[in-house]
Number of protein chains: 2
Amino acid sequence: MALILPANKILHETLERVAREIPGLDKQSIRTHISIAKFSSDCTGSYEAHFARFGLSQGRFAVLMVLINAGGPMTPANLADAVSVKRATMTGLVDVLKKGGWVETRRNPDDGRSLVIQLTSKGIARIKDLMPDHLDRMSRSLASLTDQEQQDFITLMHKISARVATLSQ
Amino acid sequence: MALILPANKILHETLERVAREIPGLDKQSIRTHISIAKFSSDCTGSYEAHFARFGLSQGRFAVLMVLINAGGPMTPANLADAVSVKRATMTGLVDVLKKGGWVETRRNPDDGRSLVIQLTSKGIARIKDLMPDHLDRMSRSLASLTDQEQQDFITLMHKISARVATLSQ
DNA sequence: TGCCATTGGTTAGGCTCCTTACTATTTCAA
DNA sequence: TTGAAATAGTAAGGAGCCTAACCAATGGCA
């Protein structure tokens, strides 16, 4: 449940202090990053806790969404690409979903190397069951922001993500 | 490196479609949440990748910051509270930091149950060494936002975090 | 003073995701 | 046609964090 960020107050003060010794440094950015780290951790924790109630994780939920969207069977390789995880990880995700009765697999008749994965009717029923609650939580968690504020928020996140991406090459 | 969010586009469309069947539902919030999940994942990945270059992780880095801030030795229990991890987790964090030569431990003379943990001089030197780069990255990753935008961004994150906290009780 | 609840730290095992290294199958090109 | 390269999936092991169950030391209270 990853409480990645810490000691908000203390870290904040410390970083500010260290920063003071480095001339020309941008203190606002430190404050912002501390908030980002805490925010990430809060949101991730909340997603995970929520999904855990259905025996799901973010990764497994994403697989289900992709399958629903596809409207038919998919191979593990396609799923892995769609969900942005490695194939080895997908093996694990599918395995758990299978044990939970969400999906079923069979060999791909067109390619002896691969499988196809498909939602079970039970899986579809359960997804329909949990979606309203899920969507409602999403909505309520943002209820204190106007649509415009959300739009601005998204814009800012995109800006930062793009920048972060270039920093890590 | 947790690529928690997936299939941005696909998920987006799917959720929108599912949402369409649920009357009175707030679609903007879905868009926002998808962006948040991706953003969290991007930032977390970036932090981790950055720290990995020094043999650190977010958790271990946080421990170092707290120790610097304290200016003296601390017990594992205090560190755990300060960093918001469980004590069992702190055992592991300290263990790795010790092996890496960042900190040293000894028994607490005032309480036979506990230890005290302290930065080594080598640890302090290395921190001083890496901080400018670290802070510089923070700064550059936000360079496309004005101070005011960052301030607004923080405000919005706080608003959402507070709400999310109440949703998970 | 002696007992027991509390607190400190560790161990063991779980979960999610990752990387690396492997086998099986298919494809392409010499 | 056949042998090398690419691709599908899996297994093993690692990192980070968690919970639960444990001893060891402490300290309040009868």
Side-chain angles (χ1 to χ4, degrees), chain A residues 1-6 37 40-42 44-63 73-100 105-117, chain B residues 1-6 37 40-42 44-45 47-49 51-63 73-100 105-117:
Chain A
M1 229 150 271
L3 290 183
I4 283 152
L5 204 45
S40 291
S41 156
D42 285 354
T44 301
S46 157
Y47 291 139
E48 303 263 310
H50 173 55
F51 286 134
R53 301 186 305 159
F54 309 101
L56 294 175
S57 65
Q58 280 202 67
R60 296 199 284 274
F61 180 72
V63 171
M74 287 179 73
T75 67
N78 291 342
L79 280 172
D81 289 346
V83 171
S84 298
V85 297
K86 297 295 163 219
R87 289 175 186 181
T89 302
M90 187 51 64
T91 298
L93 293 177
V94 167
D95 199 52
V96 175
L97 288 172
K98 202 159 97 177
K99 279 188 186 126
T105 67
R106 49 191 163 71
R107 298 221 67 86
N108 184 347
D110 298 335
D111 187 333
R113 290 169 299 181
S114 73
L115 306 172
V116 285
I117 290 147
Chain B
M1 231 151 272
L3 290 183
I4 282 153
L5 200 48
S40 290
S41 158
D42 285 353
T44 301
Y47 291 139
E48 302 264 310
F51 287 134
R53 300 186 305 158
F54 309 101
L56 293 176
S57 64
Q58 280 202 67
R60 295 199 286 272
F61 179 72
V63 171
M74 286 180 73
T75 67
N78 291 343
L79 280 173
D81 290 346
V83 172
S84 297
V85 298
K86 297 297 163 212
R87 289 174 187 182
T89 302
M90 187 51 65
T91 298
L93 293 177
V94 168
D95 199 51
V96 175
L97 287 173
K98 202 159 95 177
K99 278 186 187 128
T105 67
R106 49 190 163 74
R107 301 220 64 85
N108 184 346
D110 299 336
D111 186 336
R113 289 169 299 182
S114 73
L115 305 173
V116 285
I117 290 147

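Labels below follow one simple rule: chain letters A, B, ... track the order of the sequence lines, proteins then strands, and each chain is numbered from 1.
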(request) Using the test ring-ring contact (aromatic ring centres under 6.0 Å, His included), find all partners of F51(B) that sit at least two apart in sequence or belong to another chain. (result)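 Listed in chain order: F61(B), H134(B).
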
(message) Less than 4.0 angstrom between a side-chain N/O of T91(A) and OP1 or OP2 of dG9(D), yes or no?
(response) no

(request) Would you mind classifying the nucleic acid contact of S57(B) as base, sugar-phosphate or nothing, using non-hydrogen atoms under 4.0 angstrom? (result)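 Sugar-phosphate contact only - S57(B) comes under 4.0 Å of backbone atoms but never of a base.
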
(message) Taking any heavy-atom pair under 4.0 Å as a contact, classify R60(B): base, sugar-phosphate, or nothing.
(response) sugar-phosphate

Mind checking what makes side-chain contact (heavy atoms from CB on, under 4.5 Å) contact with [X], not counting sequence neighbours?
X       : answer
A88(A)  : none
T75(B)  : A77(B), N78(B), N108(B), S114(B), V116(B)
T105(A) : V94(A), K98(A), I117(A)

(message) So, taking the atom named CE in M90(B) and the one named CG in D95(B), what distance separates them when rounded to the nearest 0.5 Å?
(response)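 M90(B) CE to D95(B) CG: 12.0 Å, rounded to 0.5 Å.
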
(request) Can you measure from CE (M74(B)) to CG (L79(B)) and round to the nearest 0.5 angstrom? (result)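 Answer rounded to 0.5 Å: 4.5 Å.
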
(request) On DNA chain C, check which nucleotide each of R107(A) and T89(B) is closest to and give me the residue with the more 5' one. (result)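 Per heavy-atom nearest nucleotide, the more 5' residue is T89(B).
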
Rounded to the Å, how far apart are [X] [atom1] and [N] [atom2]?
X       : N       : atom1 : atom2 : result
I117(A) : dA8(D)  : CD1   : C1'   : 11 Å
K86(B)  : dG13(C) : NZ    : C1'   : 18 Å
L56(B)  : dC17(D) : CG    : C1'   : 17 Å
M90(B)  : dC18(D) : CE    : C1'   : 14 Å
N108(A) : dT25(C) : CG    : C1'   : 12 Å
K99(B)  : dG16(D) : NZ    : P     : 12 Å
D95(A)  : dC17(C) : CG    : C1'   : 15 Å
Q58(A)  : dC15(C) : CD    : P     : 18 Å

(request) Go through the structure and list residues passing salt bridge (Lys or Arg N to Asp or Glu O under 4.0 Å) with R106(A), not counting sequence neighbours. (result) none

Listing time: all N or O pairs from protein to nucleotides 5-8 of chain C that are below 3.5 Å?
| residue | atom | partner | partner atom | Å |
| --- | --- | --- | --- | --- |
| dT7(C) | O2 | R113(B) | NH1 | 2.9 |
| dG8(C) | OP2 | R87(B) | NH1 | 2.5 |
| dG8(C) | OP2 | R87(B) | NH2 | 2.5 |

